[in-house]
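Here is the structure we will look at.
Positions are given from 1 along the sequence.
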Amino acid sequence: MSTGKTITVEVVCATADRQRLHRLTLPTGSTVIQAVEQSGILQEMPEAEFDPSHLGIFSRRVAPDDALHDGDRVEIYRPLTLDPKDARRRRAG
């Protein structure tokens, strides 16, 4: 629900080869998924695998319909290339 006020947020996405950051001004009450859609970042980076359940704000997982606050940084997480448990096993040797 908009009150006529706005917030400024950032949307970031990174692949192995490149990263993008977009700053947006949105109506107060906007959601995480609205910011992703408005940013245009997914169209700019079609190689990025997008899963709406893999979103965060400042490294904290969030739901697509969570409300944003002024200054939030929405992060689009990419799939893991190696399971963390497997990585530990390999390092342990």
Side-chain angles (χ1 to χ4, degrees):
M1 175 181 293
S2 177
T3 61
K5 296 183 180 183
T6 60
I7 58 172
T8 300
V9 300
E10 295 177 336
V11 179
V12 297
C13 184
T15 65
D17 299 321
R18 64 185 179 141
Q19 56 189 344
R20 293 288 182 261
L21 180 146
H22 289 266
R23 182 167 285 137
L24 322 168
T25 300
L26 299 167
T28 299
S30 293
T31 64
V32 173
I33 196 69
Q34 288 172 328
V36 171
E37 291 167 352
Q38 292 288 323
S39 73
I41 216 164
L42 297 176
Q43 291 77 22
E44 186 178 324
M45 299 179 71
E47 72 277 13
E49 294 181 41
F50 177 66
D51 180 344
S53 67
H54 294 129
L55 297 168
I57 295 176
F58 294 119
S59 301
R60 182 182 55 84
R61 278 260 168 103
V62 295
D65 60 349
D66 283 356
L68 292 168
H69 300 93
D70 192 45
D72 280 349
R73 183 184 67 219
V74 176
E75 300 160 342
I76 301 170
Y77 300 131
R78 63 183 180 207
L80 296 175
T81 56
L82 180 63
D83 182 292
K85 290 180 184 177
D86 289 339
R88 282 192 294 275
R89 284 188 203 109
R90 288 182 185 189
R91 283 193 305 269

Residues at least two apart in sequence or cross-chain that pass side-chain hydrogen bond (donor to acceptor under 3.5 Å, both in side chains) with E75, listed by chain then number, are R73, Y77
Residues passing the side chain to side chain contact (heavy atoms under 4.5 Å, CB included) test with Q19, sequence neighbours excluded, are A14
Under 3.5 Å donor-acceptor pairs involving side-chain atoms of residues 20-27, not counting sequence neighbours:
from	atom 1	to	atom 2	distance (Å)
R20	NE	E44	OE2	2.6
H22	NE2	E44	OE1	2.9
R23	NH2	E10	OE2	2.3

Report yes if the side chains of D70 and T8 come closer than 4.5 Å at any heavy-atom pair, otherwise no. yes
Acceptor/donor pairs from residues 47-64 side chains to any protein atom, 3.5 angstrom cut, sequence neighbours excluded:
from	atom 1	to	atom 2	distance (Å)
E47	OE1	R18	NH2	3.3
E47	OE2	R18	NE	2.8
E47	OE2	R18	NH2	3.1
D51	OD1	S53	N	2.9
D51	OD1	S53	OG	2.8
D51	OD2	S53	OG	3.2
D51	OD2	H54	ND1	3.2

To the nearest 0.5 Å, atom CG of L68 lies from atom CD1 of I7 at 5.0 Å
On a heavy-atom basis, the closest approach of L42 and V36 is CD1-CG1, 3.7 Å
Shortest non-hydrogen pair, T15 vs M45, comes out as CG2-CE, 3.6 Å
Here the salt bridge (charged side-chain N to carboxylate O under 4.0 Å, His left out) pairs for residues 33-42, sequence neighbours left out, are none
